Amino acid sequence: MSELPSIYDPKAVELPVFESWLEGRYFEAGTAEGVRPYSVVIPPPNVTGSLHMGHALNNTIQDVIVRRQRMLGRPTRWVVGTDHAGIATQNKVEQKLAAENKTRHDIGREAFIEACWEWRREHGSTIISQLKAMGCSCDYSDEWFTMGPSYQKAVRKVFVDWFESGLIYRGNRIINWCPRCATALSDIEVEHADLPGHLWHIRYPLKKPVGGIDHLVVATTRPETMLGDTCVAVHPDDERYKDIVGATVALPLLGREIPVVADEYVDPSFGTGAVKVTPAHDPNDFEIGERHGCEKINIMNADATITEAGGAYMGLERYEARTRVIADLDAAGLLVKVDEHSHAVGHCYRCHTVIEPWLSDQWFVDMKPLAAPAIEAVRDGRVAFHPKRWENVYFHWMENIHDWCISRQLWWGHRIPVYYCDACGSTVASVDGIEVCSDCGSAVRQDEDVLDTWFSSQLWPFAVFGWPERDERLDYFYPTAVLSTARDILFLWVARMVMSGMRFIGGQVPFDDVIIHPTVFNAEGKRMSKSLGTGVDPLDLMEDYGADGMRFGLMLQVTGNQDIRFSEEKLLSSRNFANKIWNASRFVLMNLEGHEPGEAVPTTVVDHWIFSRLAKLADRVGKGLDAYEFGEAARDLYDFFWSEFCDWYIELSKARLASDDPVERLAVQRNLVFVLDRALRLLHPMMPFVTEEIWRKLPRTCADAPPSLMVAAWPEASMLASFLDEEAERSVSRLIEVITGIRAVRARYKLSPRQELHIEIKTGSEAESGWVRGEFGTLAALAGISGFGVATDTAKPPHSATVIAAGMEIYVPLEGLVDFEVEEKRLAKERDKLAASLSQLEKKLSNEGFLAKAAPAIVAKDRAKASEIAGSLALLEGQLAELA
RNA sequence: GGGCGAUUAACUCAGCGGGAGAGUGCCACCUUCACACGGUGGAAGCCACUGGUUCAAAUCCAGUAUCGCCCACCA
């Protein structure tokens, strides 16, 4: 055993252990009679992606859950795969083409799509191999892709179903247009940022003065859109403009004549109360234009340059056009004033280009009918969010849901399965595709657009079980148990999965629980982002701290309500923790004399204590993980293993391991192995590698002896409940108090740990004296005591330091070493502290309200505490009196 | 304009009705035969502020301040 290195080396362990898991096929779920399966689908990372901190956190969370469920004996399946990521992938491939001075149009649609597949073959496995490096126990034997053959079929089936039931329709509307990506986006793919801008006040002359008014002043943040103005609107009740409603305005620069209309939408208190209306370039203006039958003039091309409708401005880029329009207005004396004005500007969530509201023909989904049952499912608890407050966010969005623009003017993606017959004008949607019109037999053409990537993502929880084809798998594994994700895709993805899942899989929700995990920020509180250079690469972290160190360090930082300000120190202490586990195990293994299995039986009070602590730990960790409280569970594990098992139990075992009695030695060895074994099981979901490596070297402690810790039984609290022992816990905590007190004396006088001490103890009763005598071995080992006297009437030896602990007076004779001034100061300080807390308690105990209304157990506890403090205080006073 | 979260030791954060906790950092001692990625001991906090509820408030409620997120078509 001693060949184990004294420092845990993750690099030497992780790969072989992972390969052994793959070889053992533990990641693949079996089926078991009468046991409910447990399934989780991974939020599919983009094929273009590489692992970032959000992935590291989210996938650790899922792996912890999944590994524990597997240990609980359920057929457990964690489905893995990637998302084809329409825009992101298309951008990558276009960049590659750009390097060869080509555009996608140069090579054509078919070749471009082939280039995307090629790109995926080359780069698509990156993120999967990174998940493996983390130790994620996904089923890699069945990897999914949102553009795979059966997945394509699922997408088309969903489209056709919605199309035929009227939920999908085509409309000419204002959508969000990204001029760089040259595609429409849905509302939630637009990110708004408040940016400083200007409010330009522009004079619009009336064609003929009315009632002495010869012009209007309109205010706008986007002056270039005036090229497309087709009316000016004022509020119907606005006295200022009452007379000019119906008048005609000569649009500056272009000279086009447009009417003044009255519309309720206008807020008379904002700006001048007169609004220029550009129906083709603003959603509100569109509505106003519709109400008043105004023309919709499109002044922008797909690349945001001005169209011929912009007259002299034709061909200018949009901001250049803005500059020119302003300059020309100013020159014409029509620019009244310019105010500073900050306002929300929409940006493309993929490339951050400023979005242009643009009028175009697109496909939409009518969401309200889909949202209703999905709202109900959360309302009645079939789907539960953790933390719960996210449910309100979900409700708010779902109850105000807008129609979803699903068409994208891209090439990479699921092509819209709609076929047009130009001959007879029929439009049909088809799952399998058609070539000729069923009505007239002419050749048909397919819609050119593809679907929003999120349209396919929403099918993930059932498409990955083979829907619409392989129904047995779906029946077995759907619905999934839990979905863990970041909050920024709550609407983009989570809500839509609930809606589509319920629609297509017999009203069943896709998952019972949704975990919205914290967002990882950097130390400065900035969002971790590669483009901002504020990110940390999880691969670097694993290099420095090992996969287990990174995982556990992340788990320590997970809390229910707070985002994570990423702390690398937590990873450092986690790496050290892995090393602690390694060395504690090494110690246990070194001290075994043979590997014969045997039942662990607690015999000494210290045994009972650690077994009781273990039982409580299993209870807390189990409950914590059930409630998705990862930070709590991690801290409990850390404290138990380090502070209780290592610092006390192992230390207290050393003397017994050196015993002459082989029976005694064997008993301790078995107990050490037992506690270590159970602790490793509890730690395994969070730290899979180090625990597995060690566990395989341990003698088996129970009849079922699987070859891997991954599939060993999870220690359930009920299995350990018989070990609970409050008496032992009380006894050992007193012992710890005594030992700590003596050690403090040693530290105070800077005594060498080697210097053995003889102490005298004055107890309060014979029973207490007996207890102390019984624990002499322990004291000797951990406080460096070579001998002691104990009695109820012990006199304080001269030149000794005093410790009051566990209600006893402990004298440590230190010939010539005691600094009485130091002693007095210390004792006085301790007395003051005790006196303060005693008076606080006494005040409380003399309060009749407290005695009458507080729970009896609390009153009893406080009484006991008060008398204990009073006892210690009396002892301290006595000591101080002697010193004085 | 709505909504949500946070404010606890130098730093990062737990605790969320009954005696202020952890990790890191800091100080002192220790190269003791599992571990210096270690051990032992220690210093360090009017739990943001102001009110309220309660026998009892870091913990519940209201308000204030500061910071941070969402959502929203006000030109």
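Remember, predicted model here, so these are calculated numbers, not experimental data. Labels below follow one simple rule: chain letters A, B, ... track the order of the sequence lines, proteins then strands, and each chain is numbered from 1.
- A cation-pi arrangement is found for Arg496(A) relative to Trp404(A), the charged atom lying closer than 6.0 Å to the ring centre and inside a 45° cone about the ring normal.
- When distances run from any side-chain atom of Asn576(A) to the nucleotides A34(B), G38(B), U12(B), the shortest one goes to G38(B).
- Figure legend: cation-pi geometry between Lys843(A) and Phe850(A) absent, as NZ or CZ is not positioned both under 6.0 Å from the six-membered ring centre and within 45° of its axis.
- Here the P atom of nucleotide A22(B) and the CH2 atom of Trp642(A) are 15 Å apart, to the nearest Å.
- For the pair Tyr638(A) OH and A22(B) P, the computed distance is 12 Å after rounding to whole Å.
- With both pairing distances under 3.5 Å, A65(B) is matched to U7(B) as a Watson-Crick or G-U wobble pair.
- Within 4.0 Å (heavy atoms only), Asp285(A) reaches no atom of the nucleic acid at all.
- Atom-to-atom, CE of Met555(A) to P of C13(B) comes out at 16 Å; the value is rounded to the nearest Å.
- A58(B) and A6(B) have their C1' atoms separated by 14 Å, given to the nearest Å.
- Between the C1' atoms of A48(B) and U8(B), the separation comes to 10 Å (whole Å).
- Between Cys646(A) and Asn847(A), it is Cys646(A) whose nearest contact on RNA chain B lies nearer the 5' terminus.
- With 3.5 Å as the limit, one finds a donor-acceptor pair spanning the side chains of His292(A) and Asp263(A).
- Comparing the C1' positions of C74(B) and U66(B) gives a spacing of 29 Å, expressed to the nearest Å.
- Straight-line distance between the P atoms of U31(B) and U40(B): roughly 15 Å, to the nearest whole Å.
- Close to A14(B), at under 4.0 Å from its OP1 or OP2, lies a side-chain N or O of Thr559(A).
- Taking 4.5 Å as the limit, some side-chain heavy atom of Phe640(A) sits within range of a side-chain heavy atom of Ile610(A).
- The shortest distance between the side-chain N/O atoms of Lys580(A) and the OP1/OP2 oxygens of G39(B) is below 4.0 Å.
- Using Watson-Crick or G-U wobble geometry with both donor-acceptor distances under 3.5 Å, A72(B) finds no partner in any strand shown.
- Residue Arg575(A) is in base contact, counting any heavy-atom pair closer than 4.0 Å across all strands shown.
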* Structure fact -> Reading nucleotides 69-75 of chain B from 5' to 3' and marking B where a protein heavy atom lies under 4.0 Å of the base, S where only the sugar-phosphate is that close, and - otherwise, the string is S-S-BBB

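- Taking atom CD of Gln562(A) as the reference point, atom C1' of C16(B) lies 13 Å away to the nearest angstrom.
- Nucleic acid contact for Lys833(A): none, since no nucleic acid atom lies under 4.0 Å from a heavy atom of the residue.
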* **Steps toward salt bridge (Lys or Arg N to Asp or Glu O under 4.0 Å) verdict (Asp339(A), Lys337(A))** => CA-CA 7 Å; Asp339(A) 289 339; Lys337(A) 66 167 175 171; 3.5 Å; yes

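- Heavy atoms of Leu571(A) sit nowhere under 4.0 angstrom from any nucleic acid atom.
- Under the 6.0 Å cut-off for aromatic ring centres, Tyr638(A) and Phe577(A) qualify, their centroids lying closer than that.
- When ring centroids are compared, Trp582(A) and Tyr8(A) come within the 6.0 Å threshold.
- Between U12(B) and Arg565(A), a contact under 4.0 Å exists linking OP1 or OP2 to a side-chain N or O.
- Counting distance only, with no hydrogens placed and no angle test, the side-chain atoms of Lys843(A) and the base atoms of A56(B) include no donor-acceptor pair under 3.5 Å.
- A22(B) is paired with U12(B) under the criterion used here, namely a Watson-Crick or G-U wobble arrangement in which both key atom distances are under 3.5 Å.
- Base pairing analysis places A44(B) opposite nothing; no Watson-Crick or G-U wobble pair with both distances below 3.5 Å involves it.
- Atom C1' of C11(B) sits at a distance of 44 Å from the matching atom of C73(B), rounded to the whole Å.
- Across every strand in view, U59(B) sits unpaired, with no contact that passes the Watson-Crick or G-U test at under 3.5 angstrom.
- We find the CG-CE distance between Asp548(A) and Met542(A) to be 10.5 Å, quoted to the nearest 0.5 Å.
- Counting non-hydrogen atoms under 4.0 angstrom, Lys829(A) reaches the backbone sugars and phosphates but no base.
- Comparing the C1' positions of A14(B) and C47(B) gives a spacing of 12 Å, expressed to the nearest Å.
- Separating the CZ atom in Arg575(A) from the CG atom in Leu572(A) is a distance of 5.0 Å, to the nearest 0.5 Å.
- At whole-Å resolution of the value, CZ in Arg586(A) and C1' in C33(B) are 11 Å apart.
- Residue Lys654(A) has a polar side-chain atom (N or O) positioned under 4.0 Å from OP1 or OP2 of A34(B).
- The distance between atom CD1 of Ile858(A) and atom P of A57(B), rounded to the nearest whole Å, is 14 Å.
- Of the listed nucleotides (A34(B), G19(B), U12(B)), U12(B) has the atom at the smallest distance from the side chain of Ser567(A).
- Between the side chain of Glu651(A) and the base of A34(B), at least one donor-acceptor pair of N or O atoms lies under 3.5 Å.
- Spacing of C1' atoms, G19(B) relative to G25(B), comes out at 28 Å, to the nearest Å.
- Comparing the P positions of U24(B) and U64(B) gives a spacing of 40 Å, expressed to the nearest Å.
- With rounding to whole Å, Gln840(A) atom CD is found 11 Å from A20(B) atom C1'.
- In this structure, C29(B) forms a base pair with G39(B), meeting either the Watson-Crick or the G-U wobble geometry with both donor-acceptor distances under 3.5 Å.
- A donor-acceptor contact under 3.5 Å is not formed by the side chain of Lys750(A) with the base of C29(B).
- Side-chain contact check for Ser186(A) and Glu189(A): at least one donor-acceptor pair (N or O, by modelled atom type) lies under 3.5 Å.
- Between the C1' atom of C30(B) and the CZ atom of Arg743(A) lies a distance of 13 Å, rounded to the nearest Å.
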